[in-house]
Amino acid sequence: MEQTKNTVKDSNQIVEISNKNFLGLSIIVSVIVFIIGIFISIPNWFIALEVLVTILSLFVFGSIRYRLDKNALTYGAVLVIGSTFFWKWWPNSFLRYSIQTDGLGVLWKFLHHYLLTLHGLDQLVHADTMLFILGLTFFVSVIAQTRLLETVSFKVLEKTKGNAILTILILTGLVSFASGILDGVSMIGLMIRTLVIILFLAKAKDEAILYAVMIATIITTVCGMWLAYGEPPNLIMKANLHPYLDNAFFLRYCLPIAIGSYCIVAWNIKRKLGKMSIQINDLDILDTHTADVRFLQAEKHGEVLIPVEFIDSYEKDLGVHLKAVTERLHNGDPLGSAMAREGVPEELRKKMLGHFITEELSEPLDQHYIHLIRGANDKMDSSYQKIKTIFETIHKQRIKSQIIGGISFIPFIGFLVWHGMNHHVPLFLASFAGFFVALLGIFNISKMRTLALKEARHEYMEYLFLFPLFLSITLLQKTGFFNQIAELLHKGIELLGASHVAFAQFLGATFLSAILDNNVVADFTSRGLHGLELGILYLFSMAQIAGYALGGCWTHIGSAQSVVAYAFIRKEVNEHFTPFQWIKAVTPTILEILIFITLVVYGEGFLLRFWHNIQSSPSIHSLDIPIK
């Protein structure tokens, strides 16, 4: 029987495919394809097939037992796609003709433009957008270290007199707004932990915590779609359809969907989480100073953890006490109190408290919790006063960092406005300007600075696989593939009308984003929208943006936010939580938003037709004829 169990366990074990072997195989295949291309004309549809297989492989090798790093997959695939493309482009290319007439100097100018200039790289791989995202991840990571969201959340909790649900609704509203300007991927990690802290204090059940973590993906994607700069897919759409998709477009077409979706989410939060309250006056000293505690963690240890994350590293030390301590933490008990009540040895308690916050507080905190368990009021005790003194000192330092962080938004927004007025000004200057100013607030705190840069670098690594994918889609565009897609759209509009085709695009983008990364969906689908009459272009763009935002929340791999949330659930809430459980739990809310967006799409289609009929001559009665 034991052997059978081990066999089953081994059969379910993840098998990592060698990146080096895959890249080696990709080089061999690309050489073979290159040689074949000399003698045989490869059809255009074959390149489309290669790109499609690459995109689907990201889903397959991220979901099945056999796993392949997505960077290795896309960088290997682009070698094959590039070899296939070369012989479709080179024989009749303008570059070849120029070299024959003007010499090899033309080749240098070609390489210099596409590889060494921002404009050239932007044409290939959305360089300006990707650099903006790079700066934004570092900018938001530094701002996060000032513990601004925790500060605001607990101020709100205090103002609402411990009303946990109202606090969560205000918090989600603030994050929805911020996600439209800042990176939603950066926001979700911070938001999840703040939500969990509040729900633990309210003694929420695990089901409520699971739902709140999953709903955070909708808050940072669908509810954050109201402006271009927060979500990478929005920026990709904006870049592909420049100059038509400006800030006015997002405010006019996407803001209403974001607000309506937030109202649906808020209603579901109130319905599913019920009434929860927190007794403000009874909060532990660490809970009333949550922002200071987390600032101190980053300063002293270079990591910021909530208690349920922290005790993972002490699993062996806690031994038989682990399960009971974990249960107490889930019920809202402070770490020190949970350990003392469960009989964890004093030496281990002090060691863990010192590692959790700082060695200076290990003994006074342990004494504080012992006094609380005994029912004594130790607020005049020396240990309590020492705790207060340290928190007052760190509070001043934190406020100083937050002020500098607030000032950093001035150059950030200033450059965004400048870019909006003059697109020759690179977009990435905005995020890098904000980052460099914000960094001044924590620059002298070495461990915190290192933590911010480390977290930002780790987050941006998740975007590296997009570079070869963007290049592959650009090469596919050069074959005229997206012109054929545009022709199909025109025929669809003529046959079915603009509203029905827009709705079909919305559904298509939703389902594709549920199984693929929504950044890829945004780049792929938006390239077929060129050549449409402006009103229809806006309608279709709105439908696609809403689709990839909604689909990105539907599964655990639909967007970077979903990946973050799912990983947190598996690690900190329920290690046995499955993708099917995710889909089952979030689908009702997704469907409610889907119905709402459907009404918006058809409503906008009706308004567009109505406006067109007013502007057109009496002989024109519909929008079924696209105008190039």
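Predicted model, so just to flag it, every value in this text is computed and none were measured.
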Are [X] and [Y] ion-paired here, with the side-chain N under 4.0 Å from a carboxylate O?
X    : Y    : answer
E303 : K447 : no
E604 : R252 : yes
K70  : E462 : yes

Trace of the side chain to side chain donor-acceptor pair (under 3.5 Å) decision for T151 with R398: CA-CA 10 Å; T151 302; R398 175 174 59 81; 2.8 Å; yes
Describe, in one word, how the ring planes of [X] and [Y] are oriented to each other, choosing from parallel (under 30°), tilted (30 to 60°) and perpendicular (over 60°).
X    : Y    : value
Y566 : W582 : perpendicular
F482 : F524 : perpendicular
F432 : F435 : perpendicular

In a table with atom names and distances, give each donor-acceptor pair under 3.5 Å that connects a side chain of residues 407-421 to protein atoms at least two apart or in another chain.
residue : atom : partner : partner atom : Å
S408    : OG   : G405    : O            : 2.4
H419    : ND1  : V425    : O            : 2.7
H419    : NE2  : H423    : ND1          : 3.4

side-chain contact (heavy atoms from CB on, under 4.5 Å) between D517 and L58, intermediate numbers included: CA-CA 8 Å; D517 185 274; L58 287 171; 5.7 Å; no
N/O donor-acceptor pair under 3.5 Å between [X] side chain and [Y] backbone:
X    : Y    : answer
T74  : P468 : no
R449 : I442 : no
E533 : G535 : yes
S562 : G558 : no

Verify the distance criterion only: is there a donor paired with an acceptor across the side chains of [X] and [Y] at less than 3.5 Å?
X    : Y    : value
Y548 : T221 : no
H119 : D128 : no
S526 : N240 : yes

Restricting to non-hydrogen atoms, name the atom on [X] and the atom on [Y] that form the minimum distance, rounded to 0.1 Å.
X    : Y    : answer
M225 : A549 : SD-CB, 4.4 Å
T167 : N163 : OG1-O, 2.8 Å
I81  : S472 : CD1-OG, 3.4 Å
V196 : I306 : CG1-CD1, 3.8 Å

Residue pair W226 / I181, side-chain heavy-atom distance below 4.5 Å: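 W226 vs I181: side chains touch.
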Check: F249 and I545 side chains under 4.5 Å, non-hydrogen atoms: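 A side-chain contact exists here, since the closest heavy-atom pair is under 4.5 Å.
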Derivation and outcome, salt bridge (Lys or Arg N to Asp or Glu O under 4.0 Å), residues R193 and E309: CA-CA 10 Å; R193 285 161 177 80; E309 293 176 306; 3.0 Å; yes
Could you tell me whether [X] atom [atom1] has more than 12 heavy atoms of other residues or ligands within 6.0 Å of it?
X    : atom1 : result
Y244 : OH    : no
Y602 : OH    : yes
F110 : CZ    : yes

side-chain contact (heavy atoms from CB on, under 4.5 Å) between S261 and F596, worked out: CA-CA 8 Å; S261 299; F596 164 68; 4.2 Å; yes
Inter-residue atom distance T172.OG1 - I218.CD1, 0.5 Å rounding: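 CD1 of I218 is found 11.5 Å from OG1 of T172.
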From CG (L532) to CG (L489), nearest 0.5 Å: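 L532 atom CG to L489 atom CG measures 6.0 Å (nearest 0.5 Å).
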Worked check of side chain to side chain donor-acceptor pair (under 3.5 Å) between Q544 and T525: CA-CA 8 Å; Q544 286 189 9; T525 56; 3.0 Å; yes
ring-ring contact (aromatic ring centres under 6.0 Å, His included) against Y262, all qualifying residues, sequence neighbours excluded: none
